[in-house]
Asker: 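Structure provided below as structure tokens; questions to follow.
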Amino acid sequence: MDDFALDLHTKILLEEFRAIRPSVEILQKVVMEKLNELVESSGIELNAVESRVKSEQSLVGKLERKGHKYQSVKDVTDLFGARIIVFFNEDVDRIASMAEALFDIDWENSVDKRRIHNYDTFGYNSLHYICKLPVSLYYDPQHPELNAMPFELQMRTALQHVWSVIQHDIGYKSEIDIPVEYKRNISRLAGLLELADNEFSRIRSSVSDYHRRTQLLMKKGQLDQITLDGDTFRTYLSMRPFDNLNRRIAGINQAELHVSSVLHYLKALRHMGLNTLADIEQMLHDDADDAYQLALIQLGSTDIDILSDSVGIQNLCIVHILKTGGTEANLCEFFNLINGRSKQHEVMASYIVEQAQRLAFMNIDKEK
């Protein structure tokens with residue numbers, strides 16, 4: 001960089017920056033440690049946490065534009081800047097609230113760019129806090145200057161960050177004007193990003209409301225009003241509905257039950273025509289004894305002493321399929337849905353139908 005091309009005031013400030021840069025880099029390290037601890041404890045899913053110490057070139061550019069504002073380089077509030085990028089608008093506010101509890105905020109110089117748009121422009125959304133490191137959070141007697149240095153903390157969503165990068169890349173924020181038709185296209189795209197940001201937040205809020213409603217219906221026992229889907233099935237399984245049947249089946253050989261997930265049964269249950277949690281409860285009520293009898297036929301003459309705790313729901317489904325007029329082909333499709341397609345499933349289905357002939361419900365029509 002050619003310092004001779006700079007005016008005297010800019011040269012003085014640049015020299016000041018060079019002198020304090022090591023302290024700025026120490027501040028960066030300390031603040032990023034605190035921020036990483038904060039976001040880790042928040043439980044908020046993040047897109048990125050990043051930081052930078054201002055380069056000399058960037059600082060000179062700022063001083064050339066606004067140098068008259070600064071008596072000292074220490075008056076520049078973004079010599080060090082950190083950025084937290086989240087996925088949802090409301091998480092920006094959550095991170096901001098945590099940052100307010102962590103750092104001293106200079107409210108006069110902080111700005112919420114989300115709230116200062118003109119009615120006919122989009123701008124780029126971001127929340128910018130000018131902060132200082134409080135002594136109560138961190139103090140190093142060898143570097144007391146760290147607590148006096150301001151730094152900038154930006155908080156934005158991933159889409160807001162995309163917009164900011166696009167603006168910077170195409171020079172939209174520069175002093176060089178661009179043709180009106182380009183501005184119009186940029187504004188349209190920016191509006192789409194803003195709409196997408198708001199819609200993502202609205203959808204997440206709606207899903208959370210749906211989850212709370214289903215939890216309440218479940219507590220009230222109104223399972224007929226709860227549609228069978230991934231979320232409701234997971235919650236239903238947390239109530240351990242098949243435990244009694246599993247224990248009965250395990251008792252046949254005094255077997256040990258091995259814990260396994262049965263979430264992959266959801267697709268098969270829906271394929272069988274079960275649409276609500278009440279439908280599963282009804283199947284459990286109607287078919288549990290026959291499912292146990294089928295297990296008794298399968299296990300009674302064996303010495304198997306370890307069973308998956310999916311045995312209960314599997315036998316329930318098998319019995320339900322057979323009771324509702326299902327054939328070997330239907331059983332084969334059931335096994336394909338829960339285990340992936342395999343030629344062996346045809347053999348399994350045939351063998352199970354043969355075993356099931358000894359069950360009472362399979363012989364009702366024969367007796368008639």
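Quick caveat: nothing in here was measured; it's all calculated off a predicted structure.
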Asker: Mind checking salt bridge (Lys or Arg N to Asp or Glu O under 4.0 Å) for Asp78 and listing every partner two or more places apart, or none if nothing turns up?
Answerer: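 Applying salt bridge (Lys or Arg N to Asp or Glu O under 4.0 Å) to Asp78 gives Arg52, Lys54, Lys62.
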
Asker: Please enumerate all residues that pass salt bridge (Lys or Arg N to Asp or Glu O under 4.0 Å) together with Glu333, with sequence neighbours excluded.
Answerer: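 Only Arg341 meet the salt bridge (Lys or Arg N to Asp or Glu O under 4.0 Å) criterion with Glu333.
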
Asker: Could you go through Arg234 and Asp231, starting from their C-alpha distance and side-chain angles, then the distance that decides it, and tell me whether this counts as salt bridge (charged side-chain N to carboxylate O under 4.0 Å, His left out)?
Answerer: CA-CA 5 Å; Arg234 189 188 308 274; Asp231 183 64; 5.6 Å; no

Asker: Side chains of Asn253 and Asp303 only: does a donor on one sit below 3.5 Å from an acceptor on the other?
Answerer: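 No, Asp303 and Asn253 have no side-chain donor paired with an acceptor closer than 3.5 Å.
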
Asker: Roughly how far, to the nearest 0.5 Å, is CG of Leu35 from CD of Gln28?
Answerer: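 One gets 11.0 Å once the value is rounded to the nearest 0.5 Å.
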
Asker: Compare all side-chain heavy atoms of Ser51 with those of Val31 and state whether any distance is below 4.5 angstrom.
Answerer: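 A side-chain contact is absent here, since even the closest heavy-atom pair is not under 4.5 Å.
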
Asker: Counting C-beta onward and ignoring hydrogens, is there a side-chain heavy-atom pair between Cys317 and Leu269 closer than 4.5 Å?
Answerer: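 In short, these two side chains touch, coming nearer than 4.5 Å.
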
Asker: Could you check, using the six-membered ring where one of them is a Trp, whether Tyr265 and Phe233 have ring centers closer than 6.0 angstrom?
Answerer: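 No; Phe233 has its ring centre 6.0 Å or more from that of Tyr265.
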
Asker: Hey, could you give me the CD1/CD1 distance between Ile318 and Ile352, rounded to the nearest 0.5 Å?
Answerer: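 Reported value, rounded in 0.5 Å steps: 4.0 Å.
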
Asker: Are Glu152 and Gln154 close enough that a side-chain donor and a side-chain acceptor fall under 3.5 Å?
Answerer: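 Side chains of Glu152 and Gln154: pair found under 3.5 Å.
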
Asker: Whether the His258 and Ser260 side chains hold a donor-acceptor pair (N or O, under 3.5 Å, no angle test) is what I'd like checked.
Answerer: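 Distance-only check fails for His258 and Ser260.
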
Asker: Linking Ile, Leu, Val, Met, Phe, Trp and Tyr through side-chain heavy atoms less than 4.5 Å apart, which residues share a cluster with Ile12?
Answerer: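 In the cluster with Ile12 are Leu8.
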
